[in-house]
Amino acid sequence: VKSEGPKLVPFFKATCVYFVLWLPTSSPSWFSALIKCLPIFCLWVFLLAHGINFLVSHQSASRILAGLIFSAVGDAFLIWQEQGYFIHGLLMFGITHILYSSAFGMKPLDLKAGLLMGVVSSSCYAFLYSYLAGPFTYLVAVYIALIGFMGWRAVAGVQLCNDLWTWTKLSACVGAMLFMVSDLTIALNEFCFPVPYSRFIIMATYYAAQMLIALSAVETRDEEDFRKRS
């Protein structure tokens with residue numbers, strides 16, 4: 001963790017810039033989009049700093065980088081969500097969750113974790129359902145399924161009981177949970193009722209989630225050895 005900390009300094013600075021400037025969402029602009037996306041750009045640099053060879057030889061890392069790229073595009077779309085680009089942002093983040101799920105992999109399967117995430121996801125959608133109308137009835141269902149699946153794959157990788165976990169696997173798990181909290185807050189605020197301090201909750205959990213998921217790409221032991229042990 002200590003060796004990766006200095007590489008994350010630009011990300012922390014960019015995140016501070018976002019919260020200090022706190023640009024109003026009522027007047028979207030390319031400048032506000034840049035400030036919002038800047039921490040994610042820094043996470044691109046964080047992964048790229050490990051070298052192209054690292055990204056090429058570790059498919060999980062390259063998929064997480066691709067997910068971060070789609071996330072930045074989604075962030076930009078959401079700057080103009082009041083102008084009709086909310087669905088575009090939803091699509092970009094849906095692709096992000098597919099990429100993250102692919103990066104986390106399907107081993108170990110851990111059906112118990114899958115069942116738990118299925119119950120949580122279904123409960124969230126059941127609560128939101130009465131507030132949804134039109135295409136959002138279906139789009140939100142698909143999105144919740146995608147992020148729930150991503151959460152399952154992140155949780156399944158930890159394996160605390162079998163003592164096969166690494167700090168990167170734990171980082172992916174916590175990051176996925178924070179991503180779900182961020183998106184649930186967006187859904188509640190967008191479709192149900194105003195959530196106090198919603199913007200702060202959404203962005204704080206979102207940036208933390210993306211940082212932890214980016215950190216999970218940096219495996220500290222040989223991945224093939226880990227898969228054999230699991």
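Sequential numbering from 1 along the given sequence is applied to the chain's residues. Scope of the values below: all heavy atoms of this structure, side chains included, with no hydrogens, waters or symmetry mates.
- Classification of the Trp22-Tyr18 ring pair by plane angle, with boundaries at 30° and 60°, yields perpendicular.
- Separation of the Tyr131 and Phe136 ring centroids does not fall under the 6.0 Å cut-off.
- Atoms SG and CD1, from Cys124 and Ile144 in turn, are 6.0 Å apart once rounded to the nearest 0.5 Å.
- Taking a 6.0 Å sphere around OH of Tyr85, one finds it holds 12 or fewer heavy atoms contributed by other residues, nucleotides or ligands.
- In this structure, OG on Ser102 lies 11.0 Å from CZ on Arg153, to the nearest 0.5 angstrom.
- The aromatic ring centres of Phe46 and Phe11 sit 6.0 Å or more apart.
- Taking hydrophobic clusters as Ile, Leu, Val, Met, Phe, Trp and Tyr residues chained together by side-chain heavy-atom distances below 4.5 Å, Leu132 does not share a cluster with Leu146.
- Aromatic rings from Phe93 and Phe70 are positioned such that their centres are separated by 6.0 Å or more.
- The distance from atom CG of Asn53 to atom NE2 of His58, rounded to the nearest 0.5 Å, is 11.0 Å.
- Leu139 and Val73 fall into different hydrophobic clusters, defined by Ile, Leu, Val, Met, Phe, Trp and Tyr side-chain heavy atoms under 4.5 Å apart, directly or through other members.
- Applying side chain to side chain contact (heavy atoms under 4.5 Å, CB included) to Phe104 and the options Arg63, Lys169, Met150 leaves one that passes, Met150.
- Residue Phe179 is not grouped with residue Val142 when hydrophobic side chains (ILVMFWY) are merged at heavy-atom distances under 4.5 angstrom, including chains of intermediate members.
- Residue-environment remark: OH (Tyr129) stays at or below the threshold of 12 foreign heavy atoms within 6.0 Å.
- A distance of 11.5 Å separates OG in Ser60 from CG in Leu65, rounded to the nearest 0.5 Å.
- Residues Leu78 and Met180 share a hydrophobic cluster, clusters being chains of Ile/Leu/Val/Met/Phe/Trp/Tyr side chains in contact below 4.5 Å.
- In summary, the aromatic rings of Phe77 and Trp80 are positioned with their centroids too far apart to meet the 6.0 Å limit.
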